[in-house]
Amino acid sequence: MTFYVDIYPFYPLQRSSFIFSSRLLTVILVFLMLALSLLLILPGIRGKSRLFWMFRIIISLFIGVVIVALNFTCDWAEAKMTTNATYKSFSNAVVNAEIGLHVGLYGINVTLKGNPIVQLNETIDYNEMFRWHDTIEEDYEEALEKGLPSPILYIAEKFTLGSPCRLIFQYRYSGRYASATLWTAFCSWLLANILFSMPVILYAGYMMMATAAFIFFSMASFSAIRTVPQCVFSIGTNSFKTEYSHSFWLALATGLLCTIIGILVVILNFMMPEKMKEAFSVGVDSYEDEDEDVSYGEGYLNAAFLDRVTSLSLTAKTKENV
């Protein structure tokens with residue numbers, strides 16, 4: 001293949017790159033709106049309880065949004081390198097670029113950024129998403145039709161059914177189990193928040209520890225891919241392997257946070273149950289049994305009003321006797 005006015009003739013110039021997951025954006029916006037609506041009640045809470053409720057709302061929603069968002073992120077594992085590579089098929093043109101592979105629970109994200117960005121009279125800045133619902137074959141065929149650069153096609157080909165690496169089976173099944181346990185952790189988080197609003201604080205602490213356990217199970221499911229030999233990606237003169245990335249460590253931090261909260265709630269509930277109920281505003285019903293012991297103090301009596309009422313009652317009785 002040759003150039004025609006510095007353009008590859010069989011590759012379309014227009015392409016639609018993956019920019020940001022719409023699902024992830026929706027999750028973030030929903031939790032932001034929920035946080036704002038809940039924070040609006042803070043002015044109606046008096047005293048030191050206001051600060052406690054603010055931290056409670058923020059921490060709880062942080063845990064919830066992380067659990068849901070981790071299902072849609074693309075950086076559970078990633079790998080990057082800078083190398084000289086053939087730009088496109090049937091061409092000897094070589095570019096210097098940074099190549100990145102980002103693995104999520106539902107697919108992979110492959111990036112290619114030139115160094116510098118403009119080379120061969122073209123802006124080299126690709127960000128392509130390949131999802132596996134069952135297989136990745138459809139997205140791979142579309143990439144071939146669009147004429148994406150060779151490094152992107154090489155990495156995507158490793159996740160097809162015909163690849164000897166069989167990465168599709170490793171990451172697809174581990175991602176499915178990890179996603180399932182994350183959704184179970186989300187259900188446990190919802191149940192824990194419901195129990196925190198009831199006079200059963202102890203069981204709320206247990207559910208927070210259950211939430212942490214399911215998060216750790218999801219990490220273990222994704223880590224199962226480490227039990228098989230890792231496939232090496234060789235592009236140009238360099239090669240790389242995937243390593244754990246931001247989402248994996250964020251899941252670990254969130255799981256540890258849930259564990260600490262659950263353990264603290266259980267310990268404090270055994271040490272000071274009444275204060276825990278008071279802190280979570282679930283001991284209000286106890287005051288109903290103490291209504292008889294409530295002292296209202298001294299009040300002011302209007303003597304003129306009482307004298308008038310007394311005189312009117314005496315006059316009415318006199319008329320009746322007459």
Side-chain angles (χ1 to χ4, degrees), residues 27-28 30-32 34-71 73 76 177-224 244 246-290 293:
V27 170
I28 295 174
V30 168
F31 274 88
L32 281 178
L34 185 59
L36 290 176
S37 60
L38 290 176
L39 291 175
L40 288 177
I41 68 174
L42 290 181
I45 302 176
R46 299 179 180 179
K48 297 180 180 179
S49 299
R50 181 183 301 173
L51 186 62
F52 171 76
W53 274 85
M54 182 183 71
F55 281 110
R56 178 183 172 184
I57 291 173
I58 293 175
I59 293 176
S60 179
L61 289 180
F62 170 78
I63 294 173
V65 71
V66 167
I67 293 174
V68 178
L70 286 176
N71 284 277
T73 55
W76 277 76
Y177 288 122
S179 179
T181 50
L182 278 177
W183 285 117
T184 309
F186 179 71
C187 295
S188 301
W189 170 80
L190 286 177
L191 186 57
N193 281 275
I194 294 174
L195 294 175
F196 273 126
S197 302
M198 302 171 65
V200 282
I201 306 299
L202 177 62
Y203 297 102
Y206 288 152
M207 289 310 302
M208 287 302 296
M209 289 190 287
T211 302
F214 285 117
I215 293 176
F216 293 144
F217 288 154
S218 69
M219 297 173 59
S221 299
F222 187 80
S223 300
Y244 295 129
H246 307 91
S247 293
F248 184 87
W249 302 118
L250 181 59
L252 176 62
T254 306
L256 292 176
L257 177 61
C258 293
T259 303
I260 294 172
I261 293 174
I263 292 175
L264 285 177
V265 168
V266 171
I267 293 176
L268 293 177
N269 186 76
F270 280 114
M271 296 177 61
M272 47 186 74
E274 296 302 326
K275 289 186 177 180
M276 286 293 290
K277 290 182 179 180
E278 182 181 354
F280 285 91
S281 303
V282 294
V284 180
D285 295 339
S286 61
Y287 290 103
E288 295 179 358
D289 300 331
E290 302 176 2
D293 300 332

Between Lys277 and Pro199, which heavy-atom pair has the shortest distance, and what is it? CE-O, 4.3 Å

Shortest non-hydrogen contact from Gly255 toward Ala212: O-CB, 3.3 Å

Contact summary for Ser223 and Phe248, nearest pair of heavy atoms: OG-CE1, 3.4 Å

Point-to-point distance, once rounded to the nearest 0.5 Å, from CD1 of Ile261 to CE of Met207: 14.0 Å

State which residue, out of Leu36, Val66, Val65, fulfils the side chain to side chain contact (heavy atoms under 4.5 Å, CB included) condition with Phe31. Val65

Does Thr181 reach the side chain of Met219, with side-chain heavy atoms less than 4.5 Å apart? no

Taking all heavy atoms of Ala204 and all of Leu195, pick out the closest pair and write down the distance. CB-CB, 3.7 Å

Heavy-atom side-chain proximity of Met208 to Phe196 below 4.5 angstrom: yes

Residues Val266 and Met209: closest non-hydrogen pair is CG2-CE, 3.8 Å

Before giving the answer on side chain to side chain contact (heavy atoms under 4.5 Å, CB included), spell out for Ser37 and Leu34 the whole-Å C-alpha distance, their side-chain angles and the decisive distance to 0.1 Å. CA-CA 5 Å; Ser37 60; Leu34 185 59; 4.1 Å; yes

I'd like to know whether Asn71 forms a side chain to side chain contact (heavy atoms under 4.5 Å, CB included) with Phe186, so could you lay out the CA-CA distance, the side-chain angles of the two residues, the decisive distance to 0.1 Å, and finally the verdict. CA-CA 11 Å; Asn71 284 277; Phe186 179 71; over 6 Å; no

Minimal non-hydrogen separation, Thr211 against Ala185, with atom names: CG2-O, 3.5 Å

Enter the distance from Leu252:CG to Phe216:CZ here, rounded to the nearest 0.5 Å. 6.0 Å

If you count heavy atoms of other groups shown closer than 6.0 angstrom to OH of Tyr244, is the number above 12? yes

Ile67 vs Phe214 side-chain heavy atoms within contact, under 4.5 Å: no

Looking at Ile57, is its backbone amide N or carbonyl O close enough to the side chain of Ser60 to form a donor-acceptor pair, meaning the two atoms are under 3.5 Å apart? no

Separation between CD1 (Ile59) and CD1 (Ile63), nearest 0.5 Å, reads 7.0 Å

Side chain proximity check, Phe270 to Leu202, heavy atoms < 4.5 angstrom: yes

Mind checking the CG-OH spacing from Leu182 to Tyr177? Nearest 0.5 Å is all I need. 15.0 Å

Can you label the angle between the Trp76 ring and the Phe222 ring as parallel, tilted or perpendicular, going by 30° and 60°? tilted

Between atom CG of Leu268 and atom CD1 of Ile201, what is the distance when rounded to the nearest 0.5 Å? 11.0 Å

